[in-house]
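For reference, the structure is listed below as structure tokens.
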2 protein chains.
Amino acid sequence: MISKDLLKGTLKTIVLRLLEENGRMYGYEITREVERLTEGKVQLSWGALYPALHKLESDHLITSEEESIGKRVRKYYRLTESGTSAAKEKIREFIDFVTIMGRVLDTGPSLNLA
Amino acid sequence: MISKDLLKGTLKTIVLRLLEENGRMYGYEITREVERLTEGKVQLSWGALYPALHKLESDHLITSEEESIGKRVRKYYRLTESGTSAAKEKIREFIDFVTIMGRVLDTGPSLNLA
DNA sequence: AATATACATATAAAATTCCGATATATCCAA
DNA sequence: TTGGATATATCGGAATTTTATATGTATATT
């Protein structure tokens, strides 16, 4: 299980990146995909995810469209144009972050950056 | 400049690691060292650092000793025994975190882990 | 038929954490 | 004597996250 402190601040990066890769996804699907990719080591909480999605939407980085699945309503999100830029930027930022942190923490060869 | 969101949750890791490497340091020195190591890209704010140091001390991960430099008092911090373990653990956690995030974000060869 | 689990979105309360501003004070160089 | 670097510290507020709760459908198990 990954420390929650470290995950703080990466939620939006994760969401934007997954949407960039998969085109469109709904909330529940995002949590599932993250669990799958991390073999259960990262579990997004609903209380964090949904507010984050709403924030991204109000910032116009993503848009949503509701779809009826039987009697249930499912809300799909996809990136806007500025969301696509934001996703790329966030990834770059993350790589910078890891590079810099590697230097500060002097983690040695277990953390190599190209 | 590294995004503040990403730095969230790494402050204690940074402090513990620097103390592990340097034996003993005082607050101001820590901010200077981080600035030096990151070429100015990471600037710890006093408002974050001092409360963090106090928290680490009350958790018995570090201890402090005051020293007079001329008329000024300087507060040196060093790791306790459990602080040393905590430092190692935090580094391991960080490496795990980067490994997992690399998979989620699918950052490709720009982020290689041993 | 009843119950549990998975699916699905959402919010409110509480805790944490961090940032920006502010306060205080010394030392040294121009 | 003024400003910049050194040095520690706290307060108020903002932002984010966790926990808990609410609501309801669909499906599988017993």
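Below, chains carry the letters A, B, ... as their sequence lines are ordered, and counting in each starts from 1. Here the structure is a predicted model, which means the values were calculated and not measured.
- Nearest to the side-chain atoms of K12(B) among the listed nucleotides dT8(D), dT17(C), dA10(C) stands dT17(C).
- Close to dT11(C), at under 4.0 Å from its OP1 or OP2, lies a side-chain N or O of H54(A).
- Put simply, R32(A) has a side-chain N or O that comes within less than 4.0 Å of OP1 or OP2 on dC7(C).
- Between the C1' atom of dT9(C) and the CE atom of M25(A) lies a distance of 16 Å, rounded to the nearest Å.
- In this structure, the nucleotide among dA26(D), dT8(D), dT17(D) sitting nearest to the side chain of L11(A) is dT17(D).
- The separation between L7(A) atom CG and dT17(C) atom C1' is 15 Å, rounded to whole Å.
- Between Y26(A) and the phosphate of dT9(C), there is no side-chain N or O to OP1/OP2 separation shorter than 4.0 Å.
- Checking the phosphate oxygens (OP1, OP2) of dC19(C), a side-chain nitrogen or oxygen of S45(B) falls inside 4.0 Å.
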Q: Check the pair Q43(A) / T31(A) against side-chain hydrogen bond (donor to acceptor under 3.5 Å, both in side chains), numbers first and verdict last.
A: CA-CA 7 Å; Q43(A) 287 178 334; T31(A) 64; over 6 Å; no

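- Side-chain proximity of Y28(A) to dT18(D), dT6(D), dA8(C): nearest is dA8(C).
- One interatomic measurement links the two molecules: CG of D59(A) to C1' of dA15(D), which rounds to 13 Å at whole-angstrom precision.
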Q) Does the side chain to side chain contact (heavy atoms under 4.5 Å, CB included) test come out yes or no for F97(A) and T10(B), once each step is laid out? A) CA-CA 11 Å; F97(A) 165 67; T10(B) 56; 3.8 Å; yes

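- As judged by a 4.0 angstrom heavy-atom cut-off over every strand, G47(A) is placed among the base-contacting residues.
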Q) Please walk me through it: do K41(A) and M1(A) pass side chain to side chain contact (heavy atoms under 4.5 Å, CB included)? A) CA-CA 4 Å; K41(A) 284 176 193 132; M1(A) 186 67 102; 5.6 Å; no

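- By the criterion of side-chain heavy atoms lying less than 4.5 angstrom apart, applied directly or through intervening Ile, Leu, Val, Met, Phe, Trp or Tyr residues, L53(A) is not grouped with V73(A); the two fall into different hydrophobic clusters.
- Set against dT8(D), dG20(C), dT17(D), the side chain of K4(B) has dG20(C) as its closest nucleotide.
- The distance from atom CG of D5(A) to atom P of dT16(C) is 11 Å, rounded to the nearest whole Å.
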(Q) Using side-chain hydrogen bond (donor to acceptor under 3.5 Å, both in side chains), reason through Y76(A) and R74(A) one step at a time and then give a plain yes or no. (A) CA-CA 6 Å; Y76(A) 277 99; R74(A) 190 182 278 172; 3.2 Å; yes

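- Comparing dA26(D), dT11(C), dA9(D) against the side chain of K75(B) picks out dA9(D) as the nearest.
- A residue-by-residue look at A48(A) and R72(A) shows that R72(A) has its nearest nucleotide of DNA chain C further toward the 5' end.
- When each of dT16(D), dC18(C), dT9(C) is scored by its nearest atom to the side-chain atoms of K55(A), the top-ranked nucleotide is dT16(D).
- Mapping E66(B) and K8(A) onto DNA chain D by nearest heavy atom places E66(B) closer to the 5' end of the strand.
- If you measure from atom CG of L44(B) to atom P of dA7(D), you get 16 Å, rounded to the nearest angstrom.
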Q | side chain to side chain contact (heavy atoms under 4.5 Å, CB included) between I62(B) and L16(B), worked out | A | CA-CA 8 Å; I62(B) 61 178; L16(B) 290 173; 4.3 Å; yes

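- Going from atom CZ of R74(A) over to atom P of dA6(C) covers 17 Å, rounded to whole Å.
- One interatomic measurement links the two molecules: CD1 of I69(A) to C1' of dA6(C), which rounds to 15 Å at whole-angstrom precision.
- For the pair Y77(A) OH and dA10(C) C1', the computed distance is 10 Å after rounding to whole Å.
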